[in-house]
Amino acid sequence: MAEKQYWLIKSEPDVYSIDDLARDGRTGWEGVRNYQARNFMRDGMKVGDLVFFYHSSADPAGIAGVAKVAGRAYPDPSQFDRKSEYYDADSDPDQPRWMMVDVEFVEKCKRLIPLDELRGVKGLEKMALLKRGQRLSIQPVTPGEWAIIAKLAGLKCR
DNA sequence: GCCAACGTTGGC
DNA sequence: GCCAACGTTGGC
């Protein structure tokens with residue numbers, strides 16, 4: 001049994017927020033069109049892995065809650081949907097280019113932890129999210145980083 | 001294989 | 001709305 005891993009996924013709350021996930025319970029994380037992010041979903045994410053739900057392009061941006069990986073990666077159907085904004089004409093149905101996972105709501109932070117605050121927290125100096133110019137929408141989180149943030153956010157799952 | 005041009009992300 | 005940073009594309 002592989003060690004449980006931790007992740008972070010970004011979402012613009014105007015598009016899909018932690019409250020939306022709480023309402024839906026579970027959702028498909030479709031539309032990821034970046035190879036590195038795809039690889040994390042396809043090769044890294046395992047059922048039960050915990051995921052920080054990060055609000056990007058928000059005021060303030062920050063960590064809003066926790067989800068968990070609900071299933072292994074599967075081909076993202078939106079890549080074959082001509083009407084979808086995520087349609088990819090170059091993706092071969094026999095060898096789908098883009099994958100997605102389902103995520104399940106776990107809990108909401110007692111308070112949102114703003115990006116600005118994270119930058120000042122001891123122990124998070126090397127966190128991927130805080131690196132300059134970091135745009136990756138799916139990132140691994142170390143157990144140490146998880147523990148620090150979970151405590152700050154008053155989360156039950158640590 | 002290089003790299004300029006272009007498109008996108010996301011903080012501010 | 002601006003723009004720095006970055007990923008992708010395509011000409012050569």
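Bear in mind the structure is a predicted one, so any value in this text is a computation, not a measurement. Here is the naming used below: chain letters follow the sequence lines, and residue numbers restart at 1 for every chain. What you see below is based on every heavy atom in this structure, not just the backbone, and it leaves out hydrogens, waters and symmetry mates.
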Open item on the list: Please list all pairs meeting ring-ring contact (aromatic ring centres under 6.0 Å, His included) that have one or both residues in residues 82-135 of chain A, counting only residues at least two apart or in different chains.
Closed with: A/Y35-A/W98
- [ ] Determine which pairs satisfy ring-ring contact (aromatic ring centres under 6.0 Å, His included) with at least one residue from residues 107-131 of chain A, sequence neighbours left out, and list them in order.
- [x] none
Report all interatomic pairs (protein N or O, nucleotide N or O of nucleotides 5-12 of chain B) with separations under 3.5 Å.
{"residue": "B/dT8", "atom": "O2", "partner": "A/R135", "partner atom": "NH1", "Å": "2.6"}
{"residue": "B/dT9", "atom": "O3'", "partner": "A/R135", "partner atom": "O", "Å": "3.4"}
{"residue": "B/dG10", "atom": "OP1", "partner": "A/K10", "partner atom": "NZ", "Å": "3.0"}
{"residue": "B/dG10", "atom": "OP1", "partner": "A/R135", "partner atom": "O", "Å": "2.6"}
{"residue": "B/dG11", "atom": "OP1", "partner": "A/Y54", "partner atom": "OH", "Å": "2.7"}
{"residue": "B/dG11", "atom": "OP2", "partner": "A/S57", "partner atom": "N", "Å": "3.0"}

Task: A/S56 versus A/E12, side-chain donor and acceptor atoms under 3.5 Å - done: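 There is no such pair (donor and acceptor under 3.5 Å, judged by atom type) between the side chains of A/E12 and A/S56.
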Task: Qualifying residues under side chain to side chain contact (heavy atoms under 4.5 Å, CB included), relative to A/D92, sequence neighbours excluded - done: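 Partners of A/D92 by the side chain to side chain contact (heavy atoms under 4.5 Å, CB included) criterion, ordered by chain and then number, come out as A/D94, A/Q95.
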Task: Contact list for residues 16-35 of chain A, test salt bridge (charged side-chain N to carboxylate O under 4.0 Å, His left out), sequence neighbours left out - done: A/D19-A/K108, A/D20-A/R23, A/R26-A/D102, A/R33-A/D76
- [ ] Would you jot down, in residue-number order, the residues of residues 34-42 of chain A having a non-hydrogen atom under 4.0 Å from DNA chain C?
- [x]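 Per residue number, the list reads A/N34, A/Y35.
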Open item on the list: Which residues in residues 120-128 of chain A have a heavy atom closer than 4.0 Å to any atom of DNA chain C?
Closed with: none
- [ ] Show which residues join A/L112 in its hydrophobic cluster (side-chain heavy-atom contacts under 4.5 Å, direct or indirect), or state none.
- [x] none
- [ ] Report the residues that fulfil ring-ring contact (aromatic ring centres under 6.0 Å, His included) with A/Y54, sequence neighbours left out, ordered by chain and then residue number.
- [x]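 ring-ring contact (aromatic ring centres under 6.0 Å, His included) check on A/Y54 returns nothing, list empty.
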Please identify each residue that fulfils salt bridge (charged side-chain N to carboxylate O under 4.0 Å, His left out) with [X], with sequence neighbours left out.
X: A/R72; result: none
X: A/E117; result: A/R111
X: A/D81; result: none

